[in-house]
Number of protein chains: 2
Amino acid sequence: MNSSLANTLFALMQNYRVTIREAINAGELGLNAMHVRCLHIIAATTHCTANDIVNQTQRDKAQIARLVKELITLKLIGKDASEHDKRCFILSFTAEGHALYDKLLNAEQHVNEQMCKNLNPQQINDFLDTAQKMIKNMQ
Amino acid sequence: MNSSLANTLFALMQNYRVTIREAINAGELGLNAMHVRCLHIIAATTHCTANDIVNQTQRDKAQIARLVKELITLKLIGKDASEHDKRCFILSFTAEGHALYDKLLNAEQHVNEQMCKNLNPQQINDFLDTAQKMIKNMQ
DNA sequence: CCCATTGGTTGATAAAATCAACTATAGCAA
DNA sequence: TTGCTATAGTTGATTTTATCAACCAATGGG
């Protein structure tokens, strides 16, 4: 069936979204999947700026600006003017942000384990590898 | 990195969404990804009802009702009262619907080919297989 | 110094998803 | 039969997400 790839992608994404939302939203504040992505990027990027998030997520910068604003309102992150470039603000975790991020990693790992149970590392790697190739193919 | 699975899923989905939208929206009417899913389900399901679409997509029935309404407005499908159950309407393609669906399959195949170029059938099967297992794991 | 570019913010709007209430039919059971 | 509950579908209201366009301030090259 021609559409099984599309269907599978949709179903997987839909399930993942719901599961991660339950795992995270459950206890914590009103964070959605995009907030979570932002937090990951901030955690992984040294001197992270809003623009870094835009580039890594490929989303509209307006959307990112608003997500960042929300994260600041939630006191999970803060922004400080960059010394080198006054247009930039460097985003970083607050203490609360760090604490929440740890919980987040935990919840995520839980979901990952659930999602990958009965799959071996080889299968997971192959999966990621193929997905990456598909992504490249579409760019 | 813990989040690479999540990131990959997001990126893949995002790319797919954009690519398929371009491939389809380009020439045709204003169909989005969910319209397309509906058409697929209608095509694949004998005596398809709105409820079949709800079950297969796991979306809110209100959303499906509106998508179906739009497809009817576009004269791509029609609905006829079921003889067995007066609550149900059976959805089916109009002539135009059939014609468009053929074009759609074509466009999709194009996207699929693009997405799967430099992947062999084995890899694609493995990918689908793993994705299906992940979906099951999350239900 | 000028100007095109870049990082970021905001308002407006579109598109997608969700919730709740409601109608009409179905089907079971007392 | 009547009464009750469940199912299929529709609609209105609202929320969430995403996108577009205009804008400001700072940058950096010519």
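Since the model is a prediction, treat every value here as computed from it, not as a measurement. We use all heavy atoms of the structure for the numbers below, so side chains are in, but hydrogens, waters and symmetry mates are not.
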Under-3.5 Å donor-acceptor pair between B/Arg66 side chain and D/dG12 base: yes
With a 3.5 Å cut-off and sequence neighbours excluded, list the donor-acceptor pairs that the side chains of residues 43-50 of chain B form with protein atoms.
| residue | atom | partner | partner atom | Å |
| --- | --- | --- | --- | --- |
| B/Thr45 | OG1 | B/Ile41 | O | 2.7 |
| B/Thr45 | OG1 | B/Gln56 | NE2 | 3.3 |
| B/Thr49 | OG1 | B/Asn51 | N | 3.3 |
| B/Thr49 | OG1 | B/Asp52 | N | 3.2 |
| B/Thr49 | OG1 | B/Asp52 | OD2 | 3.4 |

Side-chain contact, heavy-atom cut-off 4.5 Å: [X] with [Y]?
X: A/Met115; Y: B/Leu9; answer: yes
X: B/Ile42; Y: B/Ile53; answer: yes
X: A/His110; Y: A/Gln114; answer: no

Closest approach of B/Thr94 to B/Gly78 (non-hydrogen atoms, all atoms of both residues): CG2-N, 4.1 Å
Closest non-hydrogen atom pair, A/Leu91 against A/Lys79: CD2-CB, 3.6 Å
Set of residues satisfying side-chain hydrogen bond (donor to acceptor under 3.5 Å, both in side chains) with respect to A/Ser92, sequence neighbours excluded: none
In this structure, how many angstroms lie between the [atom2] atom of [N] and the [atom1] atom of [X], rounded?
X: B/Arg37; N: C/dA16; atom1: CZ; atom2: P; result: 14 Å
X: B/Met34; N: D/dA18; atom1: CE; atom2: C1'; result: 17 Å
X: A/Ile64; N: C/dT6; atom1: CD1; atom2: P; result: 18 Å
X: A/Leu67; N: C/dT9; atom1: CG; atom2: P; result: 12 Å
X: A/Leu91; N: C/dG7; atom1: CG; atom2: C1'; result: 12 Å

Interface residues of residues 53-63 of chain A with DNA chain C (non-hydrogen, below 4.0 angstrom): A/Lys61, A/Ala62
Of residues 82-90 of chain A, the positions that come close to DNA chain C - non-hydrogen atoms, cut-off under 4.0 Å: A/Arg87, A/Cys88, A/Phe89
Can you list, pair by pair, the side-chain donor-acceptor contacts under 3.5 Å of residues 58-77 of chain A, counting residues two or more places apart and other chains?
| residue | atom | partner | partner atom | Å |
| --- | --- | --- | --- | --- |
| A/Asp60 | OD2 | A/Ala62 | N | 2.8 |
| A/Glu70 | OE1 | A/His35 | NE2 | 2.6 |
| A/Thr73 | OG1 | A/Lys69 | O | 2.9 |

Looking at [N], I'd like to know if its phosphate oxygens (OP1 or OP2) sit under 4.0 Å from a side-chain N or O belonging to [X].
X: A/Lys79; N: C/dG7; answer: no
X: A/Asn51; N: C/dT6; answer: no
X: A/Asn32; N: D/dT16; answer: no

Residue pair A/Phe93, A/Leu39: steps toward the side chain to side chain contact (heavy atoms under 4.5 Å, CB included) verdict: CA-CA 8 Å; A/Phe93 283 126; A/Leu39 292 178; 3.5 Å; yes
For nucleotides 2-4 of chain C, tabulate all protein N/O to nucleotide N/O atom pairs closer than 3.5 Å, reporting atom names and distance.
none

A/Gln122 side chain to A/Asp126 side chain, donor-acceptor N/O pair below 3.5 angstrom: yes
Backbone N/O of B/Asn106 and side chain of B/Gln109: donor-acceptor pair under 3.5 Å: no
